[in-house]
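Structure, as structure tokens:
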Amino acid sequence: MSTSKKNSKTPRLWLVKSEPEAFSWQHLWDAPSRRTHWDGIRNYQVRNFIRDDIKKGDLLLYYHSNAKPPGVVGYAEVVREAYPDHTQFDPKDGHYDSKSDPADPRWLMFDLKAKKKLRQFVPLQDLKDNSKLKDMLVVQRGQRLSIQPVTLAEWREVLKMGGLEAATR
DNA sequence: GCCAACGTTGGC
DNA sequence: GCCAACGTTGGC
């Protein structure tokens, strides 16, 4: 799945899911420097994205899952690449992993910064109704990855639906 | 609250 | 290495 050897200078495009009750777009926007650690990832496929593919300068659609309705709120930028997720070593943390070796941490996180809120919220239903987005991962049935790659065409279409210019940077 | 889809775990 | 059981995700 890794493509890190090529295109290392090209910002890649992603969608990140967040439950607004856990960490909403507004919460991120109000954070110091509009920045946070993206911790708590405990899925190997997503871990590999973080380890191999998510680079500084990459852009991420910010998606509210388990929301009423779910949908895309804004976009953010990667400001720090993969480093160990400290919550895996904290027995009091809900994401504690007793099997992770501190000398070789199993789980990684990265930092992101909110860039721009969409002028209009784009609900999942609108993504589903748009034939140009029929291959987008987030509209696929049973697609549970909390970080998903997004193509340039999809990125542009979603931003357009959100009332923003389709500039990627 | 329901439940389909999917990932992980662990017995064998 | 198979696969049943279990836990989680997340739309509805």
Side-chain angles (χ1 to χ4, degrees), chain A residues 1-4 12-31 36-54 58-76 78 82-112 114 117-151 153-155 157-163:
Chain A
M1 192 59 93
S2 169
T3 53
S4 58
R12 262 168 301 231
L13 305 169
W14 308 91
L15 177 146
V16 290
K17 294 180 189 171
S18 180
E19 301 197 19
E21 291 201 10
F23 203 89
S24 68
W25 170 264
Q26 190 61 47
H27 195 155
L28 176 61
W29 194 261
D30 292 341
T36 194
H37 318 292
W38 208 252
D39 62 20
I41 295 293
R42 297 294 182 269
N43 170 287
Y44 287 103
Q45 206 175 338
V46 176
R47 190 278 311 270
N48 293 348
F49 281 149
I50 296 172
R51 185 188 61 195
D52 301 332
D53 297 315
I54 294 180
D58 285 5
L59 299 174
L60 317 99
L61 294 172
Y62 202 97
Y63 176 89
H64 278 167
S65 61
N66 255 325
K68 295 174 194 169
V72 179
V73 190
Y75 69 90
V78 176
Y83 61 107
D85 178 346
H86 55 83
T87 64
Q88 70 197 300
F89 303 121
D90 179 1
K92 292 190 285 293
D93 193 282
H95 296 291
Y96 177 60
D97 182 351
S98 61
K99 294 177 187 162
S100 185
D101 175 4
D104 184 20
R106 180 180 292 185
W107 304 111
L108 303 170
M109 61 183 184
F110 63 99
D111 293 357
L112 59 77
K117 187 177 183 178
L118 298 185
R119 294 184 66 201
Q120 299 112 226
F121 173 75
V122 179
L124 175 61
Q125 190 58 55
D126 287 7
L127 300 177
K128 288 183 168 176
D129 289 344
N130 187 332
S131 61
K132 291 179 187 168
L133 301 178
K134 64 177 166 41
D135 295 326
M136 195 172 179
L137 287 174
V138 75
V139 308
Q140 308 304 318
R141 182 180 180 79
Q143 178 52 70
R144 302 190 309 168
L145 289 181
S146 61
I147 303 182
Q148 310 176 346
V150 170
T151 69
E154 290 162 353
W155 178 273
E157 187 64 17
V158 173
L159 258 59
K160 191 172 139 194
M161 294 168 79

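Below, chain A is the first sequence line, B the second, and so on; all start at residue 1.
- A distance of 9.0 Å separates CE in A/M136 from CH2 in A/W155, rounded to the nearest 0.5 Å.
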Would you list the atom pairs, donor with acceptor, under 3.5 Å between side chains in residues 60-68 of chain A and any protein atom, with sequence neighbours excluded?
| from | atom 1 | to | atom 2 | distance (Å) |
| --- | --- | --- | --- | --- |
| A/Y62 | OH | A/F23 | O | 2.9 |
| A/H64 | NE2 | A/W25 | N | 3.0 |
| A/N66 | ND2 | A/E19 | OE2 | 3.3 |

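- From the 5' end on, the contacts that DNA chain C makes with chain A at under 4.0 Å to a non-hydrogen atom open and close at C/dG7 to C/dC12.
- Each of A/N66 and A/R42 has a nearest nucleotide on DNA chain B; the 5'-most of these lies closest to A/N66.
- Between the side chain of A/Q120 and the backbone N or O of A/M161, at least one donor-acceptor pair lies under 3.5 Å.
- Sequence order on DNA chain B of the closest nucleotides to A/Y44 and A/R141 puts A/R141 first from the 5' end.
- Looking at heavy-atom distances under 4.0 Å, A/K128 makes contact with sugar-phosphate atoms alone, never a base.
- Considering A/V46, A/L15, A/D53 in turn, A/V46 is the only one that fulfils the side-chain contact (heavy atoms from CB on, under 4.5 Å) rule with A/I147.
- Remark: A/H86 pairs with A/M109 by the side chain to side chain contact (heavy atoms under 4.5 Å, CB included) rule, at least two apart or across chains.
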